[in-house]
Student: 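Okay, here's the structure, questions in a sec.
Note that ligands are numbered from 1 as they come in the structure, with each ligand's atoms numbered from 1 the same way. Side chains included, hydrogens not; waters and symmetry mates left out as well; all remaining heavy atoms used.
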Amino acid sequence: MTDIKAALRAQHIETPSWAYGNSGTRFKVFAQKGVPRDPYEKLADAAQVHAHTGIAPTVALHIPWDKVDDYADLARHARDLGVGIGAINSNVFQDDDYMLGSVTHPSARVRRKATGHLLECVDIMDATGSDTLKLWFSDGINYPGQDDLRARQDRLAESLAEVYDRLGEGQRFLLEYKLFEPAFYATDVPDWGTAYAHCVKLGPKAQVVVDTGHHAPGTNIEFIVAFLLREGKLGGFDFNSRFYADDDLMVGAADPFQLFRIMFEVVRGGGLEAETGVAFMLDQCHNIEPKIPGQIRSVMNVQEATAKALLVDREALAAAQSEGDVLGANAVFMDAYNTDVRPLLAELREESGLAPDPMAAYATSGYFEKIAAERVGGNQAGWGA
Ligand code: LRH
Ligand code: MN
């Protein structure tokens, strides 16, 4: 049990700055009381998640949603709050110039502009001390024949190579894939294979990020995780869950068993070891639920799935597997999944000087009442800016 506790104490989950802002769907973005108005307030809210869970010490930024005049000062503010700046997320999906693509656009001028933004994000990594750039491209086409699928791959590869060469010592980029949306016929980085192939060609500083909401229904995501880990190309996760498409719901909420299966392949593949460098990031939108408790609950869901994955009796599993004992092996796996790990995690928190129930601790902290009273006026943060 000691090792399991040590592994859980060392767990590091990164929360996304945009989860603390307003978000929604094309139908409506609902505003909520106390929502941050700037990246400084977003960091303060993220620090609450770390304060109550103990395992969320970094915050991913999204540019330009988190654009500030002085990124070094923002990083200092984060440190003062007891958190750090994590992955820098580029955004080449919200500018009118990118209607037909960004780095894959037919126009060299638009490609230049898009690649320029990616390079600017590396400058922001330098200023904030971040070592990870996360690249997601909404690039794609809506109708067959609209553009040359192969030529778009050439353009993508050219831009990625330029960004790769710009990366400094200890820096890397994670390439994110997504099956569809906003493009509805072909997406230029639609699946793990496309992302993997580009990353292998580029080199060790390029790895793949698995967003759990970006697959076709029925996809065995834990197989992709096992494969990428084996290849040393799993750079990280964008955790969330979904019932239908890229719903960006709380991780583990829609399918806790899938999250357990994913975390088991992480544990089995050495992905919890710090040296493997897998980034466990949340990428979610709390459209109707309160944002900070939503993040706390999400961190707890990953923690519970990880604890269960660590509880799998690996020896008994390996023995049953080698004997071809199908039901025996499945039973060993399900025993861990069906174990209630909440008492273990409550004990772990108390041993770390934290309240056993982070949700209750936050609810009675008075923090929400404080920000609801203070954050009046100004523009609430969202996906717009
Ligand atoms: C795209 C995505 C990507 C982010 C955005 C917030 O769907 O998953 O990771 O840039 O959401
Ligand atoms: Mn994502």
Side-chain angles (χ1 to χ4, degrees), residues 13-26 29 36 39 42 46 58-67 85-95 98 101-104 114 117-118 120-121 124-125 130 132-140 163 172-184 187-192 194-195 207-216 219 221 224-225 228 234-242 244-252 254 259 262 278-287 291 294-295 298 302 381-385:
I13 298 167
E14 183 161 301
T15 67
S17 66
W18 54 98
Y20 302 101
N22 286 325
S23 59
T25 70
R26 58 184 165 173
V29 171
K42 293 177 190 176
T58 57
V59 188
L61 299 183
H62 217 296
I63 309 299
W65 299 340
D66 297 314
K67 189 172 181 45
I85 302 297
I88 302 299
N89 285 258
S90 60
N91 181 333
V92 285
F93 54 87
Q94 285 188 316
D95 185 301
Y98 301 145
S102 65
V103 297
T104 64
H117 168 73
L118 306 182
E120 185 202 330
C121 288
I124 295 169
M125 289 165 68
S130 167
T132 298
L133 171 65
K134 185 152 79 67
L135 302 173
W136 173 66
F137 299 101
S138 59
D139 293 43
V163 178
R172 64 177 175 167
F173 72 54
L174 308 184
L175 181 57
E176 184 173 357
Y177 58 88
K178 181 175 180 180
L179 184 63
F180 80 102
E181 188 210 35
F184 294 109
T187 294
D188 296 295
V189 188
D191 55 29
W192 72 272
T194 307
Q207 295 177 300
V208 179
V209 61
V210 175
D211 184 312
T212 46
H214 287 187
H215 304 83
T219 300
I221 299 175
I224 298 169
V225 170
L228 291 172
L234 180 67
F237 290 93
D238 264 7
F239 277 135
N240 49 65
S241 72
R242 52 83 169 277
Y244 301 102
D246 190 16
D247 308 350
D248 281 342
L249 299 173
M250 291 190 295
V251 60
L259 181 60
I262 289 170
V278 176
F280 299 93
M281 303 170 286
L282 302 180
D283 179 6
Q284 298 173 179
C285 299
H286 301 293
N287 298 345
K291 315 214 178 248
Q295 285 289 292
S298 303
V302 177
W383 282 38

Student: Could you identify the single nearest non-hydrogen protein atom to atom 4 (C) of ligand 1 and state the distance to 0.1 Å?
Tutor: His62 NE2, 3.7 Å
Student: Which residue and atom name correspond to the protein heavy atom nearest atom 9 (O) of ligand 1, and how close is it?
Tutor: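 Here the nearest protein heavy atom works out to Glu176 OE1, 2.7 Å.
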Student: Under 4.0 Å, heavy atoms only, figure out whether ligand 1 is touched by the backbone of Phe137, its side chain, both or neither.
Tutor: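 For Phe137, there is no contact with ligand 1 at all, from either part.
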Student: Can you check whether Asp211 has an N/O within less than 3.5 Å of an N/O in ligand 1?
Tutor: yes
Student: Which bit of Asp238 is near ligand 1, meaning a heavy atom under 4.0 Å away: side chain, backbone, both or neither?
Tutor: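 Within the 4.0 Å criterion, Asp238 contacts ligand 1 through side-chain atoms alone.
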Student: What part of Asp248 sits under 4.0 Å from ligand 1 if we count only heavy atoms: the side chain, the backbone, both or neither?
Tutor: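 Under 4.0 Å from ligand 1, Asp248 contributes no heavy atoms.
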Student: With no hydrogens and no angle check, just 3.5 Å: does a side-chain donor-acceptor pair link Tyr177 and His215?
Tutor: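 Side-chain D/A pair, Tyr177 to His215: present.
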Student: Among the N, O or S atoms of Asp283, which one sits nearest to the Mn ion (ligand 2)?
Tutor: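 When I compare the N, O and S atoms of Asp283, OD2 is nearest to the Mn ion (ligand 2).
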Student: Is there a donor-acceptor pair closer than 3.5 Å between any side-chain N or O of Lys291 and the backbone N or O of Gly21?
Tutor: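 Yes; judged by distance alone, with no hydrogens or angles, the pair exists.
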Student: Going through the checks in order, is the side-chain contact (heavy atoms from CB on, under 4.5 Å) test met by Trp383 and Ser23?
Tutor: CA-CA 7 Å; Trp383 282 38; Ser23 59; 3.9 Å; yes
Student: In terms of atom number and element, which parts of ligand 1 are under 4.0 angstrom from non-hydrogen atoms of Asp246?
Tutor: 7 (O)
Student: Taking Thr212 for the side chain and Phe239 for the main chain, is one N or O donor matched with an acceptor at less than 3.5 Å?
Tutor: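 The answer is no, because no donor-acceptor pair under 3.5 Å joins these two groups.
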Student: Please report, to 10°, the angle around the Mn ion (ligand 2) from atom OE2 (Glu176) across to atom OD2 (Asp211).
Tutor: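 Once rounded, the angle between the two atoms at the Mn ion (ligand 2) is 90°.
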Student: Checking a contact table here: which protein heavy atom is nearest atom 5 (C) of ligand 1, and how many Å away?
Tutor: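 Here the nearest protein heavy atom works out to Asp283 OD2, 4.0 Å.
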Student: Determine whether a donor-acceptor pair (N or O, by modelled atom type, separation under 3.5 Å) exists between the side chain of Glu14 and the backbone of Ala279.
Tutor: no
Student: What N/O/S atom of Asp238 is the closest to the Mn ion (ligand 2)?
Tutor: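 The nearest such atom is OD2.
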Student: Keeping the roles fixed (side chain from Thr58, backbone from Gly86), state whether a donor-acceptor pair exists under 3.5 Å.
Tutor: no
Student: Between the side chain of Gln295 and the main-chain N/O of Leu282, is any donor-acceptor distance below 3.5 Å?
Tutor: no
Student: If only atom types and distance count, is the side chain of Asp139 paired as donor or acceptor with the main-chain N or O of Asp188 below 3.5 Å?
Tutor: no
Student: Quick check: does Lys134 get an N/O under 3.5 Å from an N/O on ligand 1?
Tutor: yes
Student: So is Glu181 touching ligand 1 or not, going by heavy atoms under 4.0 Å?
Tutor: no
Student: What about His214: any of its N or O atoms under 3.5 Å from an N or O on ligand 1?
Tutor: yes
Student: Ligand 1 and Trp136, any nitrogen or oxygen pair closer than 3.5 angstrom?
Tutor: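 Among all N and O atoms of Trp136, none is under 3.5 Å from an N or O of ligand 1.
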Student: Which of the atoms in ligand 1, numbered in the order shown and given with their element, are less than 4.0 Å from a heavy-atom of Lys178?
Tutor: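 Contacts of ligand 1 toward Lys178, numbered from 1: 7 (O).
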Student: Looking only at atom types and distance, does a side-chain atom of Thr15 sit under 3.5 Å from a main-chain N or O of Val59, one as donor and one as acceptor?
Tutor: no
Student: Give a yes or no answer on whether the side chain of Asn89 reaches the backbone of Leu61 with a donor-acceptor pair at less than 3.5 Å.
Tutor: yes
